[in-house]
Protein chains: 2
Amino acid sequence: MANETTEKPPLILENFLPYRLNKAAEAISQRFASLYREQYGLTRPEWRTLATLGQFGVLTATAIGAHSSMHKTKVSRAVFALEQRYWLRRKRDEADRRIENLELTPAGRKVYADLAKVAHAFEAELLSNLGPRGEKELKAGLAALEAYFR
Amino acid sequence: MANETTEKPPLILENFLPYRLNKAAEAISQRFASLYREQYGLTRPEWRTLATLGQFGVLTATAIGAHSSMHKTKVSRAVFALEQRYWLRRKRDEADRRIENLELTPAGRKVYADLAKVAHAFEAELLSNLGPRGEKELKAGLAALEAYFR
DNA sequence: AATAGATCGTCACAATTGCAACTAAATTGA
DNA sequence: TCAATTTAGTTGCAATTGTGACGATCTATT
């Protein structure tokens, strides 16, 4: 008599890092997304575009895409949507007329400033639930991952 | 004269946990996905379905969705695709005829076993690049997150 | 200059996903 | 017992996303 009952599945998803990482990221993203969706009706690509511009001031669509790993059509559409609401405007670049220099309008900056606060509050809430230990570990682990990708 | 040059953006994406987590998860997922896509032409939902079934043996579509957080239509389509390739089969449940008990075929199990190996190799490669320290931290951080979600 | 090749952003179209309605079957409870 | 509700899975349709081609512009090479 042997290993009939001892058959172990070749892969346990709950222990598999890409799976765990993905599930955690997805869960957090959705929670956070519900905030900016409910408060400002923003989609994920729109929020990312807003946040990237808010942080860097003036950028091209391509630069936004490169920084936040979004496809250029996604950025293009998000830019259009934000422009419609007058939260963003395009400025022709005199030196290179293919380029559009994108910038938040005052209204856009206001939304951004508010959402930045929401983001910090969200993060603080999250971290407080991880405890100082969990926070330290998570941040260090992420840093290790990020170093690996570079 | 004051803080013209000291203006800090309200939110630094590179420090924002949901953003970091998401980018890391996305980067890893894509790398791993390229493996099962190239080797077996599987999509993400298909791989997830295969892996879940491989781990648990027999499950309903609903159970697969619940476990891997996939929408039921996504599961339905993935099941259909795997069935087409004879990697999965449905068994009517005699006690409850609404239910389909899904199970990998021998061919499906073979693919699964192979991909499980690929998965472990992938994870091992990743972990070796994080070092024992990074591995420990990342796993602990994820565990803290997972505990929070529960 | 002039041509070839690269880059920026957009659009049409195709593939993927999500939502809501649906069929079939089981459960509930009056 | 049988109508009302719930559950499992599929399908049609709408929204979202990705792909490839495009016009416009810039850069490099000759």
Side-chain angles (χ1 to χ4, degrees), chain A residues 22-23 25-27 29-30 33-34 36-38 40-50 52-53 56 58-85 88-103, chain B residues 22-23 25-27 29-31 33-34 36-38 41-50 52-53 56 58-85 88-103:
Chain A
N22 226 333
K23 256 197 133 175
E26 196 50 44
S29 277
Q30 283 198 354
S34 76
Y36 55 72
R37 186 167 34 78
E38 281 161 20
Y40 289 103
L42 285 168
T43 66
R44 212 111 106 52
E46 285 159 23
W47 152 251
R48 281 194 175 198
T49 299
L50 186 84
T52 310
L53 273 177
F56 294 103
V58 179
L59 288 177
T60 65
T62 302
I64 295 174
H67 185 267
S68 59
S69 7
M70 286 194 293
H71 195 252
K72 54 186 196 157
T73 59
K74 233 182 197 173
V75 178
S76 175
R77 284 153 183 158
V79 165
F80 180 74
L82 294 174
E83 188 186 29
Q84 292 290 321
R85 307 201 211 188
L88 166 160
R89 75 163 173 274
R90 313 176 191 237
K91 294 189 305 180
R92 263 237 141 329
D93 186 306
E94 288 311 319
D96 184 343
R97 300 205 313 281
R98 292 170 303 183
I99 283 175
E100 299 182 333
N101 291 111
L102 306 170
E103 194 178 32
Chain B
N22 227 328
K23 255 197 134 174
E26 196 50 45
S29 277
Q30 283 197 354
R31 286 166 191 235
S34 75
Y36 55 71
R37 187 168 31 78
E38 281 161 20
L42 285 169
T43 66
R44 212 113 106 51
E46 284 159 22
W47 151 251
R48 282 193 175 197
T49 299
L50 185 84
T52 310
L53 273 177
F56 294 102
V58 178
L59 288 176
T60 65
T62 301
I64 294 173
H67 185 267
S68 58
S69 5
M70 287 194 292
H71 192 115
K72 57 185 193 155
T73 60
K74 232 181 198 174
V75 178
S76 175
R77 285 154 184 158
V79 165
F80 180 74
L82 293 174
E83 189 186 28
Q84 292 290 321
R85 309 203 210 187
L88 166 162
R89 75 163 173 274
R90 314 175 191 237
K91 294 189 305 180
R92 261 232 144 327
D93 186 306
E94 287 312 319
D96 184 342
R97 301 206 311 281
R98 294 171 302 184
I99 284 175
E100 298 182 333
N101 292 110
L102 305 171
E103 194 178 33

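Just so it is clear: chains get the letters A, B, ... in the order the sequence lines come, proteins before strands, and each one is counted from 1. Here the structure is a predicted model, which means the values were calculated and not measured.
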* Structure fact -> Rounded to whole Å, NE2 of His71(A) lies from P of dC8(C) at a distance of 14 Å
* To do: Look at the side chain of Arg97(A) and the base of dG9(C), then say whether one donor and one acceptor between them are separated by less than 3.5 Å.
  => no
* Using a cut-off of 4.0 Å on non-hydrogen atoms, how would the nucleic acid contact of Thr60(A) be classed: base, sugar-phosphate, or nothing? -> sugar-phosphate
* **Cationic N near anionic O, under 4.0 Å, Lys91(B) to Glu100(B)** => no
* Asked: Can you tell me how far P of dC8(C) sits from CZ of Phe80(A), to the nearest Å?
  -> 22 Å
* Separation of dT10(D) P from Leu102(B) CG (nearest whole Å) -> 8 Å
* Asked: Below 4.0 angstrom, N of the basic side chain to O of the carboxylate: do Glu103(A) and Arg89(A) qualify?
  -> yes
* Asked: Quick one: do Lys74(A) and Glu46(A) make a salt bridge, cutoff under 4.0 Å?
  -> no
* Taking all atoms of both residues into account, what is the closest heavy-atom pair of Thr52(B) and Leu59(B), and its distance? -> CG2-CD1, 3.7 Å
* Distance in angstrom units between Arg37(B) CZ and dG18(D) P, rounded -> 13 Å
* Between atom CG in Leu59(A) and atom P in dC8(C), what is the gap in whole Å? -> 13 Å
* Spacing of Ile99(B) atom CD1 relative to dT10(D) atom C1', expressed in whole Å -> 16 Å
* To do: Can you check whether any acceptor in the base of dG18(C) is under 3.5 Å from a donor in the side chain of Arg77(B), or vice versa?
  => yes
* Rounded to the Å, how far apart are Asp96(A) CG and dC8(C) C1'? -> 8 Å
* Would you mind classifying the nucleic acid contact of Arg90(A) as base, sugar-phosphate or nothing, using non-hydrogen atoms under 4.0 angstrom? => sugar-phosphate
* To do: Between Lys74(A) and Asp93(A), name the one whose nearest nucleotide on DNA chain D is closer to the 5' end.
  => Lys74(A)
* Answer with base, sugar-phosphate or nothing: what part of the nucleic acid does Ala95(A) contact at a heavy-atom distance below 4.0 Å? => sugar-phosphate
* To do: Taking all heavy atoms of Arg44(B) and all of Tyr36(B), pick out the closest pair and write down the distance.
  => CD-OH, 3.3 Å
* Structure fact -> Quick note, Glu100(A) side chain, CB onward, closest among dT7(C), dG9(C), dA26(C) is dG9(C)
* Arg98(A) or Arg44(A): which one's nearest nucleotide on DNA chain D is closer to the 5' end? -> Arg44(A)
* Asked: Just to confirm, is there a sub-4.0 Å distance from OP1 or OP2 of dC8(C) to any side-chain nitrogen or oxygen of Arg92(A)?
  -> no
* Asked: Phe56(A) vs His67(A) aromatic rings, parallel, tilted or perpendicular, using cut-offs 30° and 60°?
  -> perpendicular
* Asked: So does Thr62(A) get a side-chain nitrogen or oxygen closer than 4.0 Å to the phosphate oxygens (OP1/OP2) of dG9(C)?
  -> yes
* Looking only at side-chain N and O atoms, does Thr73(B) come under 4.0 Å of OP1 or OP2 in dG18(C)? -> no
* To do: Determine the contact category for Lys72(B): base if any of its heavy atoms lies under 4.0 Å from a base atom, sugar-phosphate if only primed atoms, P, OP1 or OP2 are that close, otherwise nothing.
  => base
* Asked: Side-chain N or O of Ser76(A) less than 4.0 angstrom from OP1 or OP2 on dT10(C)?
  -> yes
* For Met70(B) and dG18(C), what is the distance between atoms CE and C1' respectively, to the nearest whole Å? -> 14 Å
